Each structure stands twice: as structure tokens, then as C-alpha cells.
Amino acid sequence: MASRLHAFNRFELKYLVPVEEAAAIRDELGERMDRDLNSPVGGYGVWSLYYDTPQLRFYWEKIEGLKFRRKLRIRHYGDLDTVTDDSPVCVEIKQRVNRVTQKRRITLPYGVARRLCDGREMVDHSAKESAFIQEVLDLIVRLNLQPTAITGYQREALVGRDADTGLRVTFDRRVRGRDRDFHFGTATPQNRFTIPPHMSVMEIKVNERTPHWITDLAARRNLNLVRISKYVQSVEAFGLAPRSVFHINEADCPPPPSPVEQQPHTLLKAGAQ
């Protein structure tokens with residue numbers, strides 16, 4: 001059996017930007033970057049089911065800023081209305097070692113991934129995949145991991161060219177989730193926005209150093225780094241834990257005024273003229 005295992009290390013920088021500004025930034029980046037071949041116009045769906053202990057150990061490790069921490073999740077790329085047990089998903093361990101983000105994952109049919117993570121069963125795998133499968137099972141059984149939250153969003157991705165081939169920038173909008181109905185194929189899921197819908201999450205991902213022109217762009221547009229986690233946001237949005245200092249509150253991100261709200265000012269100016 002060929003190995004389906006994939007692993008990589010990255011540095012990640014995250015920014016919270018209004019959707020309209022994100023579109024302008026994306027267009028500017030497009031002058032020096034290419035659209036990811038897997039990212040159609042309008043983006044693609046990303047859905048993740050996160051596992052945690054009954055005491056939310058992984059959540060608290062993030063809040064406390066431990067230098068080594070990890071999360072287990074099942075991730076599906078694309079729409080959910082066609083998900084079956086044969087649909088490919090990724091069982092992934094995402095961990096943080098100091099400032100480096102490490103991801104290790106294996107691609108499995110959805111039904112097999114559920115047998116592994118929910119049924120706690122050993123599944124067929126190759127010799128190269130054995131250590132990872134064993135680690136997943138050990139985490140699930142030893143820590144009594146259980147489905148905790150689902151997150152979903154629409155992602156657009158750009159990749160670097162020439163000297164910036166290790167660069168990847170993503171824009172995630174319509175960030176939402178739920179704390180129940182953990183099957184990806186749930187007919188009428190009770191999703192709700194966990195980040196205000198007029199805001200998007202911009203992530204810069206590099207293998208080594210961030211190109212200077214990217215940092216110049218962030219400075220010119222007054223972008224501020226944020227310690228945002230979509231999983232943490234969901235946990236707090238659904239009341240599974242108290243809201244932390246990292247929580248994105250709607251009051252801190254007021255939506256732009258609507259045309260109706262702007263109209264009285266426009267009429268006032270016209271009358272003054």
C-alpha cells in the first residue's frame with residue numbers, strides 16, 4: 001500500500017481584516033503571487049472536526065500559550081452536501097513547537113477516518129504510516145478524546161513564485177461552526193458565525209523567513225498580528241469555555257455602514273450645496 005502520509009513545517013502569521021480590504025490585498029498580492037491551482041475563483045470550503053478531552057486540554061494549552069501543544073482533527077475540503085463514507089478526508093495532528101507550526105496528516109476515506117477516530121479502531125495502513133496511526137490512536141484512547149467542535153469557512157489561496165516558492169497566503173471568510181451534529185453529512189446542520197461575517201482571517205505561511213515585501217505590505221496597510229484560533233473561537237462562541245482575551249468580539253469589529261445609513265449624510269450634503 002502506497003503511503004498517504006504528508007508532513008510539513010511552517011511559520012504562520014495571522015491578521016484579521018475586513019472582507020472588502022482583504023479583496024484589495026488579494027489583488028495586490030496577485031501581482032507577485034499565483035492563485036493556488038486548487039483554489040477556484042470564489043474559493044473552496046474547508047471543514048474541520050476537532051477532538052479534545054472532556055476538560056478541553058487542547059483548548060487550554062492554546063490559551064496558556066504552551067510552547068509545545070497539539071490538536072487532532074479530521075478535515076474535509078469542498079462542499080458537505082456530497083460527503084459520503086468514500087469521500088477523502090485528512091486525519092491531521094497539528095502541533096506548535098515554539099514558533100513553528102508542524103502538520104502531519106494522512107488521507108483516508110471518511111468512513112475509515114471515523115472508524116479510527118470515533119470507533120478507536122486500527123485501520124489498514126502501510127508500514128510508513130504505522131507510527132502516525134499509532135500516535136493518533138494513542139492520543140484518542142489515552143486522553144479520551146471526543147468530537148468537540150466543527151469549524152468551516154470559505155478559503156482563497158495564493159502561492160509564491162520564483163524566489164518565494166515557499167510562500168502561501170490564504171484568506172478565510174464566512175467563518176462558522178457548531179458544537180453538535182458532528183457528522184460532516186448532517187442534512188440540516190446548526191452552523192452559526194463564530195467570527196463576524198464582514199471580517200476575514202488572512203494567514204501568511206512561510207517555510208523560513210517572510211519576504212520583506214510582504215511585511216512592507218502589512219505595515220503599509222496597518223495590519224496587526226492577532227493570536228486567533230478558529231477552534232478556540234468556536235469553543236468560546238458556543239459557551240464551552242469562558243471567553244478569553246483572544247476572543248474576537250463583534251463589538252470590537254463593527255460592520256461597515258450600510259448604504260441606507262450613509263444616505264442621510266449624502267442628502268444633507270446635497271441640501272447644503
Side-chain angles (χ1 to χ4, degrees), residues 1-12 46-77 83 85 87-152 177-186 194 205 227-238 240-241 244 246:
M1 182 186 300
S3 176
R4 301 156 293 186
L5 191 63
H6 182 61
F8 52 89
N9 300 341
R10 277 183 179 152
F11 294 94
E12 295 182 353
V46 181
W47 294 91
S48 301
L49 169 59
Y50 286 88
Y51 290 77
D52 210 334
T53 70
Q55 298 77 30
L56 300 178
R57 170 175 172 165
F58 296 159
Y59 163 84
W60 287 109
E61 287 179 349
K62 166 67 176 180
I63 296 300
E64 294 169 4
L66 298 190
K67 291 186 177 181
F68 175 79
R69 57 183 185 268
R70 50 189 171 177
K71 292 186 290 239
L72 174 68
R73 66 191 181 194
I74 296 179
R75 171 164 285 190
H76 172 74
Y77 295 94
V83 170
D85 281 351
S87 300
V89 298
C90 296
V91 176
E92 182 175 279
I93 293 177
K94 180 179 180 180
Q95 62 189 37
R96 180 94 168 195
V97 182
N98 293 323
R99 294 179 55 248
V100 180
T101 299
Q102 301 177 339
K103 293 183 183 179
R104 290 169 293 131
R105 66 190 181 197
I106 185 173
T107 303
L108 297 172
Y110 183 40
V112 176
R114 293 183 65 205
R115 282 170 43 210
L116 173 64
C117 297
D118 296 337
R120 305 182 178 188
E121 299 178 21
M122 178 60 69
V123 297
D124 292 337
H125 59 276
S126 69
K128 291 183 178 179
E129 299 164 347
S130 181
F132 180 77
I133 294 291
Q134 292 285 359
E135 182 179 359
V136 170
L137 272 178
D138 174 71
L139 281 174
I140 293 171
V141 174
R142 178 168 52 86
L143 300 180
N144 189 26
L145 299 185
Q146 55 194 15
T148 304
I150 281 182
T151 66
R178 61 183 185 265
D179 62 346
R180 63 200 68 188
D181 300 330
F182 293 124
H183 193 292
F184 281 150
T186 299
T194 55
K205 308 171 186 183
R227 284 187 59 188
I228 188 172
S229 162
K230 300 181 184 74
Y231 171 60
V232 166
Q233 192 74 12
S234 286
V235 166
E236 296 174 354
F238 292 108
L240 302 179
S244 66
F246 307 117

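In this text the structure is predicted, and so the values were computed from the model without any measurement.
- Atoms NZ and CD1, on K103 and I93 in that order, are 13.5 Å from each other to the nearest 0.5 Å.
- Considering only residues two or more places apart in sequence or on other chains, Q102 meets the side chain to side chain contact (heavy atoms under 4.5 Å, CB included) condition with N9, Q95, V97, V100.
- Within the 3.5 Å criterion, the main-chain N or O of N98 finds a donor-acceptor partner in the side chain of R96.
- Within the 3.5 Å criterion, the main-chain N or O of F184 finds a donor-acceptor partner in the side chain of Y110.
- A distance-only check finds no donor-acceptor pair linking the side chain of D85 to the backbone of V112 [under 3.5 Å].
- The salt bridge (Lys or Arg N to Asp or Glu O under 4.0 Å) search around D179 returns none, not counting sequence neighbours.
- Nearest heavy atoms, Y77 versus C90: CE1-SG, 4.2 Å.
- Across all non-hydrogen atoms, the minimal contact from S244 to E236 is OG-OE2, 2.7 Å.
- Of the possible polar contacts, none joining the H76 side chain to the I74 backbone as a donor-acceptor pair under 3.5 Å is found.
- Atoms NZ and CG, from K62 and L56 in turn, are 15.0 Å apart once rounded to the nearest 0.5 Å.
- The shortest side-chain heavy-atom distance between L137 and L116 falls under the 4.5 Å cut-off.
- Residue-environment remark: CZ (R142) exceeds the threshold of 12 foreign heavy atoms within 6.0 Å.
- Under the 4.5 Å side-chain criterion, counting only non-hydrogen atoms from C-beta, F58 is not in contact with T148.
- The salt bridge (Lys or Arg N to Asp or Glu O under 4.0 Å) test with R104 is passed by exactly one of E92, E135, E129: E135.
- Counting heavy atoms from C-beta on, the side chains of D118 and Y51 come closer than 4.5 Å.
- Contact detail for C117 and I140: the closest heavy-atom pair is CA-CD1, 3.4 Å.
- Using modelled atom types, no side-chain atom of E121 and backbone atom of R115 make a donor-acceptor pair closer than 3.5 Å.
- Under the side chain to side chain donor-acceptor pair (under 3.5 Å) criterion, R114 pairs with H183, sequence neighbours left out.
- Under the 4.5 Å side-chain criterion, counting only non-hydrogen atoms from C-beta, V89 is not in contact with T107.
- For the pair K71/Y231, a side-chain contact is recorded, criterion being any heavy-atom separation below 4.5 Å from C-beta on.
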